[in-house]
Visitor: 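The following block contains the structure, expressed as structure tokens.
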Amino acid sequence: METKWRLAAIVIALVMILAPALPAQDEGEMADSMPAEIQMEPPPAPELVLGEDVPNDGGHKLKLTWGYPAEWSDSVARFLIFRGDAPDGEFKSLGEAARGVTTYLDIGSKIKDNSDYMANDHDFYYKVIAVANNGTESEPAIGGPFQTSGQWFHWGKVPVLVGVVLFGFFTVLFINAARKGKELFVRPLAGIEAVDEAIGRATEMGKPILYVLGIGTAADIATIASFTILGRVAKKVAEYQTDLIVPCYEPIVMSVAQDVVKSAYMEAGRPDQYSDDQVFFVTNAQFAYVAGVNGIMVRDLPATNFYLGYFAAESLILAETGNSIGAIQIAGTDQITQIPFFVVACDYTLIGEELYAASAYLGRDPLLLGSLKAEDWGKGILMVLMAVGVLATAFGWNAIRELVRVIL
Amino acid sequence: MNIFDKMVALDRRWVFLFLFVVVALAYFLRNHFTVDIVTTREVRSIYNFVENLEPGDKLLISFDYDPSSLAELHPMSRAIITQCYKRKVKVIGVTLSQYGAGMVEEIFREIGDVAEQEYGREIVYGEDYCFIGYRPYPAFVILGMGENFRVFFPRDYYDTPLDDLPIMKGVKNYDDVKAVLAITSGTTADFWVIYGNARYNMPLALGVTGVMATDYYPYLGNALFGLIGGWKGAAEYEKLVGRPDKATAGMPAQVAAHLTIVLFIVIGNIGYLLSRKTKKKLG
Amino acid sequence: MNGKQAASYVVLAIVIVAFAVSIVLKGLLVTVGAFLTLFIFSFLYKDNPYYKFAEHLFVGVSAAYWMCMGFWGTMVPNLFGKLYPPMVGPVMPALKDNAAEPFMLIPLILGILLLLRLSSSVGWISRWALAFIVGTTAGLNLIRYLRSDFIQQINNTTFSLYATGATGFNLGETLSNIAIFVSVMTGLIYFFFSKEHKGAFGVGARTGIIVLMVTFGASFGYTVMARISLLVGRMQFLFGDWLGMMQ
Amino acid sequence: MIVFLVSLFMVVQYYVPLDSWAWMYQYLIDWTIIIGVFALLLGIWSLWRVNFNKIKQRAENWEYAVITLAGLLIMMIVGFVPGWGNLNNYVYEHFFYYILVPIQATMFSLLAFFISSAAFRAFRARSLLATLLLFAGLVIMIRFVPMGQVSSYISDLSGWILRVPNLAAKRAIIIGIGLGAIATAFKIMFGIERAYLGRD
């Protein structure tokens, strides 16, 4: 894809993200409450039954409120609520509200076949009856018609949208800066610096390299980051003519990994050395996979083990077995529960976000470095916002605090 | 190689053997020594919450684990249900784990017998508790139950319409139960926090495995009013309820194993520090 | 025949005899479970033929297990059952009367495209299916992050530093709150990639990594409990269910 | 391009609470699960090939490859026999409960040993960071050991560690991961990160 087109794609994406926001205004107004037909009845009957669509949802929900004279409120035990299609038609009992409560949230079913189904954009009438302490019922108060509707846009999520758009903007900005040749500094990461050395060591010893992608799916961010690193490692390995073993847990991950390694070998000019037997499927039962990989470790004795991706309980089994065979181990995961085990049992560990960043480090690709810089900016802005929020709270500037809360 | 170097480079198989023997011994001799269990704030707050409920109040308990985490989570489920039966609090059970249903049935029956023998209460299905079964896609189910339990569970596990169960009368969604207790072994815990508590704001407490516990401490006080972690948490709960059970029985083994590991760490460090000292002297 | 070989035959003989005795006394199923348990434990000593046996069996059986689960649990009810309900009638009568959903042709086609990668000439088509899966789930993940942890965590950090208890101002809690705030900030500083960790910034990053290390130590320590429970569970199986030494 | 559209849809749907979109979302999830099962066929094929080649070439440990394939075949036959129709058949369940479950549980319990050997080896006061790791780990572990009055201090201290540094560090990591995840999602949508397509 050419740069121009890529930028165009970004613009289109932003427009598309924003687009749903536009018609929302009309829809929003449509959903406004309609004036109720008020029916005044002798005292104990409720008055002013109002129905209002609940905003920011897919419809099928209506908030009902009514008034009741204060002097009567103690003598009324509860209110009964009914819903019907016409003011003089049949009403279906919905439930009741307790003493002193004059609102009711009617949540209908979204499923058409359900008896409780509540169609959107359909006129409904509501009937409220007050029940006195002695059990006598008031005349019904009927309000309507009211409608529920689905909205095209969830207004409560606007801040998130703003954040995402802003972040996208930073990404584009820094990617462009990087492409124009601006040098971006990145601090060294020990785990990444060790990659070359670790591959070199395996070559010297004439032993294979084991690369474990974890037990995530091909769409876990950690696995995606790991694919990029695998590509770099595979290229180096092909250049050095060392063996690479990639046992996989998930068949889709395996398919992708095969493509990644194959093209890395091609780039290194050694397509003939690649075989699908290097990147293979073990099984997708967690511990059977571990048993299999353990077996590979103690029998093929790799000099270097990479564990990069999504890991669960197996992390420590792998890392300890790897340690017992004396391999250099480089690990990285975004699973917070497993990071401690890698830190303890491996030589180098990429913690959380460092794993995502690693692909940029290895590639030195301006695109990836640019997005790294954007992430830093994102962090910076968040930190400032959080600091402002906390300070505002501390000094009791509630207005500012609320503002920050809304922004976040 | 002097003794300190040996302490540093001890073959790990000795550690394995020692641990195995210690744990086995502690388990065999578990009836011969008792462990004093110190209760923690996060467990007490759940116990106190249930203790302060009125008889007849309702709790939703979600059993989101399968037989593979049974060892860790079953004890706390048992303790909580026991307390509910004792306090005459009604329990609505649900499971969001595919293989959970059989296990939940069993636990209700078992604790029902316990209540009958120890508290002289006969536990009636549909009256004191009910079990509404399993549905896939936990996130959706949690959201759905926030609207109405009947969206995903029109009928209970035994195919009775929910409206025919006395316990479910007037119970529509989370608003009609006093709290939700989710005993879970996986991402379902996140879903309860994100989709359940954040959306519907019901009081929520979690029972989780020992590994997960540290992940949910950050939610204590905001999203969660209590947290039970692993065997230790379950043993604390058993102590509070006053009915020592499986988790308490496992405590001697736990204590012994922890002591063993601490001991090895200490040995390793003494060896490390001293061997470094002798090397410095020599070099 | 050297000593080592002889020893291994002796071990084999013992295993076989014990296995046979156990079958007679305890029945086949428990015996199989117990011996497989022992085989796996033997890996702690070193790699050996018994572990290899259990490992390879485990890999084969589990792969087939998940395949069957996928077929009966997903393909039949969700694909065939929705494409042409009468087809699954004999095995899952409950689904027979559902309406057919032609949309389900799409995953069928994508799935077949995926299988095309086995052919070298049209293998490239499978990338379409891969792209679909990765795209969908990547989008899903993004939303999950946005919706959950991320925003929630940021929101939670803007709390009041003052803490008041039943007795008024609570110094301990206030200090804890300040510690939390500072730690989150320094932790974030540690994750800055494009700035050198020098000067004040370096101090921040250093503090950040210290907090991280304390946390990792704590998590590690906490997990010991869970792992020991697992071991006790296995012992219950070996000594209780199998050998009947516990009641 | 597909990726772009599909992931864009997923992002957009987050903002749109409409019913029809929710159904779409549900469909997409169902589809990916179904495609996953097709992918499993690829996996089985790979497993079959690797082990078959091993046997054919009489590679080291080829005897065990026979066991893998035998396990695979027998389990497949048991699971797919026509007429048995579903997975509630006796043999299949017994394979699960008496072969898979014990091995799985035992592999899992190996962790009890590995966690102690890892602690023994790595918890050494080598540097400031290692000492802190050691210290926090020890505090949490000895909270188990009843020691009278000391226990309640330890209990308080471990509670504090779990509530304060633990909370803060996890928040920092989560925020970092969140940003990283969003950035990665962007990179995928705009085709900057394409390693998952086998090229970069």
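Chain letters run A, B, ... following the sequence lines, proteins first and then strands; every chain starts at 1.
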Visitor: Just give me the residue among C:S229, C:A34, C:P49, C:S62 that pairs up with chain D most often, heavy atom to heavy atom, under 4.5 Å.
Guide: C:P49
Visitor: Identify which of C:G233, C:G33, C:G187 forms the greatest number of heavy-atom pairs closer than 4.5 Å to chain D.
Guide: C:G33
Visitor: So do C:F43 and C:Y50 actually touch side chain to side chain, heavy atoms under 4.5 Å?
Guide: no
Visitor: Heavy-atom pairs under 4.5 Å with chain D are the metric here; pick the option from C:L44, C:V232, C:I189 that has the most.
Guide: C:L44
Visitor: Just list the side-chain donor-acceptor pairs under 3.5 Å for residues 203-227 of chain C, sequence neighbours left out, or say none.
Guide:
residue : atom : partner : partner atom : Å
C:T207  : OG1  : C:V203  : O            : 2.7
C:T215  : OG1  : C:V211  : O            : 2.9
C:T215  : OG1  : D:P165  : O            : 3.3
C:S219  : OG   : C:T215  : O            : 3.3
C:T223  : OG1  : C:S219  : O            : 2.6

Visitor: About how many Å separate CG of C:L57 and CZ of D:F95, when rounded to the nearest 0.5 Å?
Guide: 8.0 Å
Visitor: How about C:Y51 and C:F39: are their ring centres within less than 6.0 Å of each other?
Guide: no
Visitor: Measure the spacing between CD1 of D:I154 and CD1 of D:I142 and express it to the nearest 0.5 Å.
Guide: 3.5 Å
Visitor: Looking at D:N61, D:L73, D:I74, which makes the most heavy-atom pairs under 4.5 Å with chain C?
Guide: D:N61
Visitor: For D:Y98, give me all partners under ring pair (Phe, Tyr, Trp, His ring centres under 6.0 Å), at least two apart in sequence or on another chain.
Guide: D:H94
Visitor: Most heavy-atom pairs under 4.5 angstrom with chain C, which of D:V66, D:V164, D:I99?
Guide: D:V164
Visitor: Would you find a donor on one side and an acceptor on the other, under 3.5 Å apart, between the side chain of C:D241 and the backbone of C:F237?
Guide: no
Visitor: Check whether D:F120 forms a cation-pi arrangement with D:R124 (NZ or CZ under 6.0 Å from the six-membered ring centre, at most 45° off the ring normal).
Guide: yes
Visitor: Give me the contact list for residues 131-140 of chain D versus chain C, heavy atoms only, anything under 4.5 Å, ordered by residue number.
Guide: D:L132, D:L133, D:A136, D:G137, D:I140
Visitor: Please tell me if the side chains of D:L110 and C:I40 come closer than 4.5 Å, counting only heavy atoms from C-beta onward.
Guide: yes
Visitor: Say whether, by atom type as modelled, one donor and one acceptor occur between the side chain of C:S183 and the main chain of D:A168 under 3.5 angstrom.
Guide: no
Visitor: Among C:V182, C:V30, C:L108, single out the residue with the greatest number of heavy-atom pairs under 4.5 Å to chain D.
Guide: C:L108
Visitor: Between D:I115, D:L40, D:V101, which residue shows the highest count of heavy-atom pairs closer than 4.5 Å to chain C?
Guide: D:I115
Visitor: Considering only heavy atoms and a distance below 4.5 Å, find which of D:I103, D:L129, D:L162, D:L111 pairs most often with chain C.
Guide: D:I103
Visitor: Let me see the working for C:M67 and D:L72 under side-chain contact (heavy atoms from CB on, under 4.5 Å), right down to the final yes or no.
Guide: CA-CA 10 Å; C:M67 189 66 227; D:L72 182 78; over 6 Å; no
Visitor: Got a second to check how far D:L157's CG is from D:I161's CD1, nearest 0.5 Å?
Guide: 4.5 Å
Visitor: Output, in order, the C-alpha distance, side-chain angles, deciding distance and verdict of side-chain contact (heavy atoms from CB on, under 4.5 Å) for C:L113 and D:F38.
Guide: CA-CA 10 Å; C:L113 288 185; D:F38 278 102; over 6 Å; no
Visitor: Testing the 3.5 Å rule here: is there a donor-acceptor pair between the side chains of C:N48 and C:K52?
Guide: no
Visitor: Between D:Y64 and chain C, which part of the residue has a heavy atom less than 4.5 Å away: side chain, backbone, both or neither?
Guide: both
Visitor: Looking at C:I228, C:L38, C:T186, C:L115, which has the largest count of heavy-atom pairs under 4.5 Å with chain D?
Guide: C:L115
Visitor: Do C:T37 and C:W242 get their side chains close enough for a donor-acceptor pair, meaning under 3.5 Å?
Guide: no
Visitor: Can you say whether D:A119 sits under 4.5 Å from chain C via the side chain, the backbone, both, or neither, judging by heavy atoms?
Guide: both
Visitor: Quick check: under 4.5 Å, non-hydrogen atoms only, which of residues 43-60 of chain D neighbour chain C?
Guide: D:I44, D:W45, D:L47
Visitor: Need one label for D:E63: side chain, backbone, both or neither, based on atoms under 4.5 Å from any heavy atom in chain C.
Guide: neither
